[in-house]
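Reading through the structure tokens given below for one structure.
Numbers here are sequence positions counted from 1.
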Amino acid sequence: LLELQSSYKNATGEYFPIDIIGSGPEENEIQRAFQLTRTRSRSLSEERDDSNIENGDTSTNSTDASSLSQRSRSVKDQMDKLINDIPRSRFELRKDPIPSNFLGRQDHASLGEKYKILVNPSVTEVLCTTTAEAIAMGKFVIIPMHPSNIFFEQFPNCFLYKSKKEFISHLQYAINNEPQPLSNEDAYVLTWEAATERCMDASIVTKREAARRERVGQKHIDLKAAEHTKSRIFDAVRQFLVAKMNEKGAESESESESSPQVD
């Protein structure tokens, strides 16, 4: 995304503003790379000084001890600042920050009509749920051409790019236009029912394929896999039914306890 921002600025003269949603262990480093923020953490010596001032303790044993303590704090503060100012990536060497807001984790349903474009340059996800949700919400989606994204190519509001130049073209179009309303047919493709149908279609073994697998000695592996899958399904159904029965039993007990007693 940072590379796309750089390419966009080279082509247009400015970065595109973006709200970044999500969190993770590298969030601070990513935010630094976008916003060039290097907020120095408070040192222990600063916290100790504040504590002493609050407690009214400003005395020292001697002038020499005070001077040595101040020099030590000064050296430590300078080291803290130096370490914090060291760029963590080449993206921090830019002169200008990218206009961005880091919003942390958000419920996608709460975003409503605030946004109309999702940019998701990831190539490490398989059938990304975030991309599917954005399409279902009627947003423009701009994603890289990649095997994990081919499924989304069928939707009119989804633009796949093969190069940074294509990305820039897609983004400019999305900025200046409105997404098409999601048709009933496209909406159905995104349902669990349609996903289940695709799963069933993908799992079908033709007679010809079954004969071939038997010739090469794969039939017993298929039978073992089928038995394992059937067992897992039965276990899941049994657990679901037991949980439902327990819920009904708990509800019945609660109703009987709350019912007025008649002598």
Side-chain angles (χ1 to χ4, degrees), residues 19-24 103 105-162 170 173-174 177-214 218-219 221-252:
D19 287 349
I20 298 176
I21 297 172
S23 63
L103 307 180
R105 294 183 179 181
Q106 299 284 327
D107 182 354
H108 296 171
S110 67
L111 301 179
E113 301 299 322
K114 186 176 181 181
Y115 304 97
K116 70 171 183 176
I117 304 171
L118 169 71
V119 175
N120 183 10
S122 174
V123 294
T124 60
E125 300 175 80
V126 180
L127 201 63
C128 178
T129 304
T130 302
T131 300
E133 289 176 348
I135 293 175
M137 295 173 72
K139 314 295 184 185
F140 280 126
V141 170
I142 304 176
I143 54 179
M145 181 67 72
H146 187 264
S148 63
N149 288 330
I150 296 302
F151 169 78
F152 300 116
E153 191 175 12
Q154 61 186 298
F155 299 99
N157 291 329
C158 182
F159 302 140
L160 283 78
Y161 62 89
K162 298 179 181 178
H170 290 328
Y173 176 87
N177 293 273
E178 293 299 320
Q180 297 183 28
L182 190 68
S183 67
N184 292 334
E185 292 78 8
D186 288 338
Y188 178 77
V189 173
L190 296 169
T191 63
W192 281 112
E193 183 178 357
T196 303
E197 291 175 354
R198 291 193 296 272
C199 182
M200 295 293 291
D201 290 341
S203 65
I204 291 176
V205 178
T206 64
K207 293 181 178 180
R208 181 177 180 181
E209 185 177 359
R212 183 189 65 79
R213 293 183 67 82
E214 185 172 4
Q218 293 293 320
K219 183 177 180 179
I221 297 178
D222 293 340
L223 292 175
K224 185 179 292 186
E227 288 296 328
H228 176 73
T229 302
K230 183 172 66 174
S231 176
R232 294 291 297 274
I233 292 174
F234 286 159
D235 288 342
V237 171
R238 182 170 59 252
Q239 292 175 9
F240 174 78
L241 293 176
V242 170
K244 284 296 182 181
M245 292 174 62
N246 290 337
E247 288 180 8
K248 290 294 184 180
E251 291 176 1
S252 299

Ignoring hydrogens, what is the shortest heavy-atom contact between [X] and [Y]? Give both atom names and the distance.
X: I142; Y: A174; value: CD1-CB, 4.4 Å
X: P121; Y: P144; value: O-CG, 3.6 Å
X: P179; Y: K116; value: CG-O, 4.2 Å

Roughly how far, to the nearest 0.5 Å, is the [atom2] atom of [Y] from the [atom1] atom of [X]?
X: C128; Y: I135; atom1: SG; atom2: CD1; answer: 9.5 Å
X: N177; Y: N157; atom1: CG; atom2: CG; answer: 10.5 Å
X: H170; Y: I117; atom1: NE2; atom2: CD1; answer: 12.5 Å
X: K114; Y: D19; atom1: NZ; atom2: CG; answer: 5.5 Å
X: E113; Y: M137; atom1: CD; atom2: CE; answer: 7.5 Å

Indicate every side-chain donor-acceptor pair of residues 233-242 with a distance under 3.5 Å to a residue at least two apart or in another chain.
| unit_1 | atom_1 | unit_2 | atom_2 | d |
| --- | --- | --- | --- | --- |
| D235 | OD1 | R238 | NH2 | 2.4 |

Salt bridge flag under 4.0 Å for residues E227 and K230: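 Yes.
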
Evaluate the side-chain proximity of F155 to V141: yes if any heavy-atom separation is below 4.5 Å, no if none is.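 Not in contact.
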
Would you say that S148 contacts V123 through its side chain, given a criterion of any heavy-atom pair below 4.5 Å between the two side chains?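 No - every pair of side-chain heavy atoms lies 4.5 Å or more apart.
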
Side chain of [X], backbone of [Y]: donor and acceptor closer than 3.5 Å?
X: N120; Y: I143; answer: no
X: D186; Y: L182; answer: no
X: K139; Y: E133; answer: no

Does I150 have any side chain to side chain contact (heavy atoms under 4.5 Å, CB included) partners at least two apart in sequence or in another chain, and if so, which?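 Residues passing side chain to side chain contact (heavy atoms under 4.5 Å, CB included) with I150: M145, E153.
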
When the side chains of residues 194-202 are checked against the rest of the protein, which donor-acceptor pairs come out under 3.5 Å, sequence neighbours left out?
| unit_1 | atom_1 | unit_2 | atom_2 | d |
| --- | --- | --- | --- | --- |
| T196 | OG1 | W192 | O | 2.8 |
| E197 | OE1 | Y188 | OH | 3.3 |
| E197 | OE2 | Y188 | OH | 2.9 |
| R198 | NH1 | V189 | O | 3.0 |
| R198 | NH2 | V189 | O | 3.4 |

Report, as yes or no, whether the 6.0 Å neighbourhood of atom CD on E247 holds more than 12 heavy atoms from other residues, nucleotides or ligands.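 Enclosed: over 12 neighbouring heavy atoms sit under 6.0 Å from CD of E247.
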
